[in-house]
**Student:** 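Right, I'll just put the structure down here and ask away after.
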Amino acid sequence: MIAPELTEEVLALTKRRSYIELGARDRALALLDPGTFRELLGPFDRVESPWLPMQGIVPQSDDGCVVAKGKVDGQPAVVIALEGKFQGGSIGEVCGMKIATALALAREDNERGKPTRAVLSIESGGVRLQEANLGELVLAEIYAEMVALRKHTPIIALIAGMTGCFGGMSLAAGLASYVVMTPEARLSMNGPEVIEQEAGVDEIDSRDKPFIWSYCGGRQRYGTRLADVLVEDDAEVIAASVRDLFRRGLPAEVRSSQHELFLDRLGALDPNKQWTANELRDVWKDVSHD
Amino acid sequence: MEKLSFEYPASAKASRKAHVGVVGSGDLEILLEPSDDAKAHVTVLTSVTGFQSTWKAVLDRFFERYQGAARIDIHDFGATPGTVTMRLQQVVEGNK
Amino acid sequence: MTEREASTGRRWFEALSGTNGERSGTPGSLLIADATLGDERVTYIAVAPDPDARFMRARHAELGLEEGWFGAKYLTDLIKADRNGIKRPIITVVDSKSQAYGRREELAGIYLAAAALIAAFAEARLEGHPVIALIVGRAVSGSFLELCGQANEIIAFNSPDVIVHAMYKEAAARITRRSVAELDKLGEKIVPLAYDIGSFAKLGALYKLLDVANPSEPADATVQQVKTVLLEAIASARSGPRDLSRRLQSEGAQNLRQASLIVREKMAQQWAES
Amino acid sequence: MSLATTPEIAPRSWANRREGKRRKLAQIEPWMNGKILPGRYIIEALERLLAPGDKVVIESAQKAADFLSRSLAKANPKILHDLHIIIAAISRPDHLAIFEQGIARRVDFSFAGPQSLRVAQMVEDGQMEIGSFHTYVELSARMFVDLIPNAVLVCAQMADREGNLYTGANTEETPAIIEAAAFRDGLVIVQVNQLVDTLPRVDIPAGWVDVIVEADRPFAMEPIQTRDPGEIKELQVLTAMMVIRGIYERHQVISLNHGVGFDTAAVELLLPTYGTQLGLRGKICRNWVLNPQPTLIPAIESGWVESVHSFGNEAGMEQYIAARPDIFFTGRDGSLRSNRVFCQLAGLYAMDLFIGSTLQMDGDANSSTVTRGRIAGFGGAPNLGSDASGRRHSTPAWLSLITSDSPTVRGRKLVVQVVQTFKAGGVPTFVESLDAVEVGKAANLPIAPVMIYGDEISHLVTEEGIAYLYKAEGIEERRAAVSAVAGVTSVGLKATAKRTAELRCKGLVAFPEDLGVRPSEATRSLLSARSMKDLVTWSGGLYQPPARFRSW
């Protein structure tokens with residue numbers, strides 16, 4: 001039988017290595033320059049959640065957060081990757097503190113003249129309800145460190161996989177210097193189930209997947225310039241986009257400081273109607289401060 | 001949640017640390033470290049209770065073939081015996 | 001404008017600032033006022049119910065799109081204005097339900113509005129403004145993160161009506177598939193899960209847990225009492241670090257955040273070695 | 001010769017059924033416009049057209065005549081009661097409501113997947129009385145013998161003003177059901193999604209149809225065969241590798257039927273990668289009897305597949321099928337032509353191999369999807385998973401199962417079961433005794449509802465290895481071979497190292513290393529598509545997954 005010609009898209013698909021399929025550790029490996037990965041507080045350090053076993057829940061030896069030092073594009077870097085498969089990437093005391101501490105140490109490097117940059121690979125449903133208030137406290141500490149570090153070096157938030165980026169970590173993405181997303185990724189504060197519960201099914205039908213991705217999926221966030229880069233699920237392409245963003249240096253103004261733009265954007269919306277994702281894109285297209 | 005312990009005789013010290021898996025639905029995490037005594041020490045922390053004999057059967061079979069002296073920690077989140085065996089094979093790969 | 005909806009937060013804001021916090025050009029839910037406290041010129045901020053709020057899902061003291069962006073802009077302008085002078089203390093009077101839950105909010109990126117407000121408080125703190133959170137009622141999820149999280153010092157009333165948490169009890173029970181009774185039971189054993197402010201205080205992040213007579217109705221004496229504590233907190237903030245490290249140095253953290261401390265210590269050590 | 005007749009005795013009427021049908025139709029005549037009945041009369045019309053004791057077919061497999069079943073459930077039980085329902089799949093709450101209301105009592109059916117718990121309860125409560133379990137094609141067959149319907153409630157996509165029907169991609173068993181009624185004076189009542197002037201093609205002529213009613217919404221369709229590649233586990237990649245090496249390659253399997261499940265979806269997705277690496281393209285897996293499962297797209301696109309005949313459609317595949325008429329059976333309008341009865345026939349007589357999965361298997365390799373507290377029934381698996389001893393043509397695969405040198409020996413179809421030794425939650429697949437035995441007793445069934453009998457199974461695949469059961473000489477050897485691959489289940493723990501070594505030596509049991517399969521290669525990266533989105537890419541954007549499968 002003659003091998004049929006496959007389209008370029010299919011050929012590309014068969015060649016590429018999926019980033020979404022990778023676990024947190026392999027993601028960090030994929031983002032760092034080859035041979036530079038060095039994990040901090042890895043599994044064998046066994047710093048686990050003290051709170052989960054008290055509730056009969058099996059902990060993970062890295063608490064779902066991989067912190068690795070290394071280099072990106074030849075420059076010192078720290079990659080922080082969350083594991084969406086462990087407790088939904090939720091932020092508990094240990095994993096949250098790992099993030100905050102890694103950011104703080106990167107800041108100290110920068111203050112001492114070593115330009116350590118940071119990447120956050122996020123898969124998270126938000127705060128870990130089994131550690132509730134400690135989750136809130138470590139989130140606040142993560143935010144504090146992000147605001148301090150991003151003055152020195154860009155922080156890239158990378159949202160790739162099926163867990164998405166919700167709750168407390170969506171705010172972290174909001175504080176990042178740059179945001180990279182795949183079309184499969186979602187970035188939203190409140191999960192659709194929670195909104196459906198709080199505001200009713202007419203507000204959001206959490207089972208309507210195309211609708212959910214239409215408002216918070218990577219395509220829409222990129223289309224409304226809430227994400228800087230939209231990439232296909234390809235580990236090499238994603239790593240390259242991270243390198244490219246670092247080459248851009250610090251953004252002229254981080255997104256969370258663009259008050260005028262977003263106040264204008266809010267002003268342009270009719271609050272009395274439920275907008276579709278496309279309507280929002282159209283309305284916002286005309287609101288520009290460039 | 002249940003904690004189980006097992007011990008098996010071993011003939012050679014495992015050569016290095018290894019880690020596989022994730023504590024996600026139907027999966028497990030295994031940490032393997034070389035042990036100085038001639039034994040394999042296995043501890044299992046599992047989310048599903050009442051499967052001691054199944055764990056023993058899986059591990060008995062595995063340690064018929066694997067002879068490394070090691071400390072093996074398992075964090076299980078409802079993996080099937082097939083998955084447990086697969087992860088055990090992965091963690092000892094190149095670590096005889 | 002319809003009559004202002006009463007709330008503990010609004011009452012305390014008015015009692016402390018001496019104004020109703022309305023400003024032209026900012027949403028009615030966002031109360032902001034400059035006032036004098038001791039010898040200081042301070043700024044009070046609160047988010048209160050507003051039945052006329054532009055976005056209907058943010059009418060019951062929720063942190064919504066406008067609260068976030070207008071608040072962030074105001075604070076950023078304030079920081080600029082004080083750049084070369086005395087850094088004004090910023091005091092949030094917190095009794096806000098949560099973030100706003102709605103379709104419009106998610107479409108328009110409420111996560112970014114929240115981040116903007118958090119960044120503005122964090123910038124203020126880094127610039128040397130004492131940022132004080134005074135929790136007089138609810139500080140749940142988004143309202144805690146946005147109005148309290150970045151403060152140098154957090155003060156909370158010791159009152160059953162004060163609640164700091166990641167999620168209200170009923171919703172948390174639903175999501176974790178536990179009953180409310182089970183949650184209460186767990187909270188007795190596991191401090192970070194508990195809903196009472198006394199348990200939260202044990203985690204070491206509070207500057208002060210304050211006993212106030214009749215905490216939902218400010219009176220002259222209690223207002224004076226609170227003002228005194230606010231002044232102490234401002235002094236403490238001025239003399240302390242500009243980051244949040246004190247929360248981890250507290251006695252509570254030494255007891256209940258040992259895992260946090262281990263992470264910090266071990267990671268710093270490994271970072272230095274690598 | 002003349003026959004004497006007595007004038008006192010009225011002549012026997014030989015057309016009672018026809019007469020009855022005429023009388024019934026006359027009762028709804030005032031509402032009718034030709035063959036079209038306005039939807040608002042449907043409940044009353046059913047009350048007039050059906051009578052207590054009638055055998056009534058409700059169409060329900062992948063597609064369901066749900067407007068008619070919902071309407072029947074609203075009928076007055078004082079007028080309409082004790083119907084005998086014949087239904088392939090009890091799948092909808094309204095199917096159960098018909099029994100709860102007392103409108104029907106007895107049921108003959110094949111499958112009750114999502115409603116299997118409730119069915120078991122209703123049988124226990126005496127609200128429902130089961131005639132028999134059937135396979136799909138068996139139930140269709142009985143409609144022509146001893147379950148001849150008085151009326152059939154079926155669905156079609158479109159009808160024209162004359163009453164011709166277009167069943168479109170989801171023809172399934174509509175022609176068979178209608179045939180059983182139309183030619184023996186049963187009533188043919190059809191719900192259609194749409195009335196049109198001109199049909200894309202005529203699938204059922206107007207002359208076979210009595211009443212057409214426009215439904216309030218398109219007939220219910222479940223994408224029940226769609227499997228998201230994202231959910232395939234590494235162990236399923238491993239078993240799929242073993243299937244390809246140890247069965248398809250070894251036996252030169254050219255024509256085949258895949259049951260629905262992640263185990264077989266993994267095989268489909270490994271053909272373009274692992275299969276091609278082994279140089280097997282064009283040599284195996286060319287002619288398929290299979291619904292248009294999206295996981296077959298990569299194999300089709302990379303030139304593995306010559307033909308596919310289908311039982312029914314799969315939602316979202318319409319445009320892809322229309323663009324691949326060389327592969328699929330399609331009408332001139334481009335849409336799929338499926339036919340469950342023909343497809344089952346093809347599965348019985350024209351296939352080298354059937355491969356499927358099960359929920360339970362005993363030590364003798366008997367398998368069943370019936371488990372305690374559930375009456376699930378079976379779809380087509382018992383037919384497809386059986387060897388048709390009436391087969392007379394031969395193929396290399398069929399011949400390869402011959403184990404004796406008798407001059408009159410015949411070949412055999414490969415019937416493969418692929419399972420993991422344990423299911424999620426630590427529930428063993430291999431058990432001492434099938435739940436089906438107990439369930440059968442409890443429901444007073446004359447025989448236990450076994451899906452596939454052990455002696456029909458030629459190959460058993462688990463994550464441990466393959467048991468080549470067709471080689472087993474006698475029941476003891478079969479049991480030993482099953483145990484050898486049954487892992488640490490109670491059945492598997494009976495295996496001894498010595499016996500297993502003997503069986504490996506004899507070729508009755510093979511472990512991955514015996515097959516040249518390396519477990520370390522069994523990763524998800526070997527799948528030609530790892531997500532629904534990858535399938536869309538493979539299809540060139542022609543496959544449009546149903547909403548529930550879209551996450552981008």
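Quick note on labels: first sequence line is chain A, next is B, and so on, each numbered from 1.
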**Student:** Would a 4.5 Å heavy-atom cut-off, applied to side chains only, mark A:Y215 and C:R104 as touching?
**Tutor:**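 Not in contact.
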**Student:** For C:A194, is it the side chain, the backbone, both or neither that has a heavy atom under 4.5 Å from a heavy atom of chain A?
**Tutor:**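 The backbone, not the side chain.
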**Student:** Evaluate side chain to side chain contact (heavy atoms under 4.5 Å, CB included) for A:L137 paired with C:F144, printing each intermediate quantity in order.
**Tutor:** CA-CA 9 Å; A:L137 288 177; C:F144 175 81; 3.9 Å; yes
**Student:** Between C:E123 and A:K151, does any side-chain N to carboxylate O distance fall below 4.0 Å?
**Tutor:**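 A salt bridge links C:E123 with A:K151.
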**Student:** A side-chain contact here means heavy atoms from C-beta on lying under 4.5 Å apart; do A:E136 and C:V164 qualify?
**Tutor:**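 They are not in side-chain contact.
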**Student:** Is there side-chain contact between A:I204 and C:Y101, with heavy atoms separated by less than 4.5 Å?
**Tutor:**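 When only atoms from C-beta onward are counted, C:Y101 and A:I204 do not touch, as no gap falls below 4.5 Å.
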**Student:** Identify which of C:L117, C:L256, C:L183 forms the greatest number of heavy-atom pairs closer than 4.5 Å to chain A.
**Tutor:**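 Highest number of heavy-atom pairs under 4.5 Å: C:L256.
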**Student:** Output a table of donor-acceptor pairs, distance under 3.5 Å, between side-chain atoms of residues 259-268 of chain C and any protein atom two or more places apart or on a different chain; print 'none' if there are none.
**Tutor:**
from, atom 1, to, atom 2, distance (Å)
C:S260, OG, A:E93, OE2, 2.6
C:S260, OG, C:R257, NE, 3.1
C:S260, OG, C:R257, NH2, 3.3

**Student:** Can you tell me how the ring of A:W275 sits relative to the ring of C:F55, calling it parallel under 30°, perpendicular over 60° and tilted otherwise?
**Tutor:**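 The rings of A:W275 and C:F55 stand perpendicular, inter-plane angle above 60°.
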**Student:** Quick one: are C:S274 and A:L40 in side-chain contact, heavy atoms under 4.5 Å?
**Tutor:**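 C:S274 reaches A:L40 side chain to side chain.
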**Student:** Heavy-atom pairs under 4.5 Å with chain A: which of C:G149, C:A166, C:A205 has the most?
**Tutor:**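 When all of C:G149, C:A166, C:A205 are compared, C:A166 has the most.
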**Student:** So for C:Q99, is it side chain, backbone, both, or neither that comes closer than 4.5 Å to the heavy atoms of chain A?
**Tutor:**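 Answer is side chain: those atoms of C:Q99 sit under 4.5 Å from chain A.
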**Student:** I'd like to check A:Q55 versus C:L193 (side-chain heavy atoms, cut-off strictly below 4.5 Å). Are they in contact?
**Tutor:**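 Answer yes - side chains close enough.
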**Student:** What part of A:V78 gets within 4.5 angstrom of chain C, counting heavy atoms only: side chain, backbone, both, or neither?
**Tutor:**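 The answer is the side chain of A:V78.
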**Student:** Relative to chain C, which segment of A:L129 carries a heavy atom at a distance below 4.5 Å: side chain, backbone, both, or neither?
**Tutor:**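 Both parts, backbone and side chain.
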**Student:** Using a 3.5 Å distance criterion without hydrogens, assess whether the side chain of C:R103 forms a donor-acceptor pair with backbone atoms of A:E203.
**Tutor:**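 Yes, because the side chain of C:R103 sits within donor-acceptor range (under 3.5 Å) of the backbone of A:E203.
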**Student:** Given side chain to side chain contact (heavy atoms under 4.5 Å, CB included), test C:L65 with A:L269 step by step and report yes or no.
**Tutor:** CA-CA 12 Å; C:L65 293 162; A:L269 295 171; 5.9 Å; no
**Student:** Between A:R265, A:Q220, A:R128, A:Q130, who has the most heavy-atom pairs with chain C when the cutoff is under 4.5 Å?
**Tutor:**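 Highest number of pairs under 4.5 Å: A:Q130.
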**Student:** Is the NZ atom of C:K87 crowded by more than 12 outside heavy atoms at less than 6.0 Å?
**Tutor:**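 Enclosed.
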**Student:** Counting only non-hydrogen atoms closer than 4.5 Å, does C:F121 touch chain A with its backbone (N, CA, C, O), its side chain (CB onward), both, or neither?
**Tutor:**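 Answer is neither: C:F121 stays 4.5 Å or more from chain A.
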**Student:** Where on A:E260 is there a heavy atom nearer than 4.5 Å to chain C: the side chain, the backbone, both, or neither?
**Tutor:**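 Contact with chain C involves the side chain of A:E260 alone.
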**Student:** Is it true that the side chains of C:Q270 and A:D45 contain a donor and an acceptor less than 3.5 Å apart?
**Tutor:**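 Note: C:Q270 and A:D45 side chains meet the donor-acceptor criterion.
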**Student:** Where does C:A100 contact chain A at under 4.5 Å (heavy atoms): side chain, backbone, both or neither?
**Tutor:**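 Contact with chain A is through the backbone of C:A100 alone.
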**Student:** With a 3.5 Å distance limit and no angle check, can you tell me whether C:R54 reaches the backbone of A:L266 through a side-chain donor-acceptor pair?
**Tutor:**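 Confirmed, C:R54 side chain pairs with A:L266 backbone.
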**Student:** Could you tell me which portion of A:D202 (side chain, backbone, both or neither) has an atom closer than 4.5 angstrom to a non-hydrogen atom of chain C?
**Tutor:**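 For A:D202, the backbone is the part near chain C, not the side chain.
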**Student:** In terms of heavy-atom pairs under 4.5 Å, which option from A:N190, A:L263, A:L134 contacts chain C the most?
**Tutor:**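 Max contact count across the listed options: A:N190.
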**Student:** I'd like to know which of A:E141, A:E131, A:M54 tops the heavy-atom pair count under 4.5 Å against chain C.
**Tutor:**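 Heavy-atom pairs under 4.5 Å are most numerous for A:E141.
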**Student:** Would you say C:D243's side chain and A:A144's backbone share a donor-acceptor pair under 3.5 angstrom?
**Tutor:**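 It does not hold such a pair.
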**Student:** Which bit of C:E146 is near chain A, if near means a heavy-atom gap under 4.5 Å: side chain, backbone, both or neither?
**Tutor:**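 Just the side chain, heavy atoms under 4.5 Å.
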**Student:** With respect to chain C, which residue among A:L105, A:D63, A:V127 yields the maximal number of heavy-atom pairs within a distance under 4.5 Å?
**Tutor:**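 Top count of heavy-atom pairs under 4.5 Å with chain C: A:L105.
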**Student:** Would A:T116 and C:W271 satisfy side chain to side chain contact (heavy atoms under 4.5 Å, CB included), going step by step from the backbone distance to the final call?
**Tutor:** CA-CA 12 Å; A:T116 301; C:W271 184 283; 4.1 Å; yes
**Student:** Can you name the nearest heavy-atom pair linking A:R221 to C:G109, along with the distance?
**Tutor:**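 Here A:R221 and C:G109 meet closest at NH1-N, 4.1 Å.
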**Student:** Applying side chain to side chain contact (heavy atoms under 4.5 Å, CB included), run through A:S188 and C:E106 and close with a yes or a no.
**Tutor:** CA-CA 6 Å; A:S188 209; C:E106 297 306 326; 2.6 Å; yes
**Student:** Among the options C:T176, C:T76, C:V191, pick out the one with the most heavy-atom pairs lying under 4.5 Å from chain A.
**Tutor:**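 Of the options given, most contacts go to C:T76.
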